[in-house]
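Read through the structure below, which is laid out as structure tokens, and then see the notes.
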Amino acid sequence: MRTYEEASKEALPEGTFSNSSQWEVWSAKNCDRCVHDEPGRQGDAANGCPLILIALEGRRPAEWLTQTEQQEVHADYTCTEFRDENDSDPEPHPVPTPDGQGELVPREPYEGHRVLTPLNWQDRGGRDFAASIESGLTEDFDAFERRVTAADTTRRP
Ligand code: SF4
């Protein structure tokens with residue numbers, strides 16, 4: 001579990017629950033039985049879950065994911081840090097590398113949370129393409145996208 005400072009750096013600048021009832025329902029299903037907010041439930045708010053604090057500040061922790069539009073609309077997040085307080089060993093452990101199998105690259109630098117966004121017409125590529133067509137350039141979107149991607153090495157595929 002990351003510290004408040006670490007999690008705060010990657011939190012998204014967007015609100016989470018639209019009202020207190022929505023939060024109450026979600027937290028009852030998650031935080032109220034999660035080992036990370038156990039101190040908070042016992043009156044030690046300073047050592048409660050830092051992700052809750054981030055949400056209270058009006059931002060969305062990167063650990064709160066959704067897979068469908070329906071989940072997004074209803075703020076039905078899946079918290080990747082949820083650990084049931086009744087588990088005998090709540091910390092997850094990576095599947096060990098089988099005996100005799102070599103590792104090409106170390107796993108540690110690639111562990112963590114990332115928020116990936118799909119590239120679609122509403123994203124920058126689509127808007128730039130529309131502007132390009134309006135200015136008289138004629139090429140199909142795939143060719144345009146390849147050219148922009150080749151010129152912008154900071155962009156994710
Ligand atoms: S880790 Fe997630 S589920 Fe657990 S208390 Fe924090 S926000 Fe709630």
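Counting starts at 1 for both ligands and their atoms, in listed order.
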Quick one: look up the protein heavy atom nearest [atom] and list residue, atom name and how far away it is.
| atom | result |
| --- | --- |
| atom 7 (S) of ligand 1 | Trp64 NE1, 3.5 Å |
| atom 4 (Fe) of ligand 1 | Cys34 SG, 2.4 Å |
| atom 8 (Fe) of ligand 1 | Cys31 SG, 2.3 Å |

(Q) So Met1 and Cys49, do their side chains get closer than 4.5 Å, heavy atoms only? (A)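 A side-chain contact exists here, since the closest heavy-atom pair is under 4.5 Å.
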Q | Note: Glu85-Arg41 ion pair, threshold 4.0 Å (strictly below) | A | yes
**Q.** Short N-O contact, Glu63 and Arg2, less than 4.0 angstrom
**A.**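 So Glu63 pairs with Arg2 through a salt bridge.
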Q: Output yes if Cys79 passes the N/O/S-under-2.8 Å test against atom 6 (Fe) of ligand 1; output no otherwise.
A: no
**Q.** Atom indices of ligand 1 within 4.0 angstrom of Asp37 heavy atoms, with elements
**A.** 5 (S)
(Q) I'd like to check which ligand 1 atoms, numbered from 1 as shown, lie under 4.0 Å from a non-hydrogen atom of Glu81. (A) 1 (S)
Q: Give the cluster check for Val73 versus Trp64: same hydrophobic cluster or not, with ILVMFWY residues linked at side-chain heavy-atom distances below 4.5 Å.
A: no
(Q) Regarding Ser8 and Arg59, do their side chains bring together a donor and an acceptor under 3.5 Å, going by distance alone? (A) yes
Q) Can you name the nearest heavy-atom pair linking His74 to Gln22, along with the distance? A) O-NE2, 3.2 Å
Q. Any idea which part of Cys49 is under 4.0 Å from ligand 1, heavy-atom wise: side chain, backbone, both or neither?
A.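 It is the side chain that gets close, since no backbone atom is under 4.0 Å.
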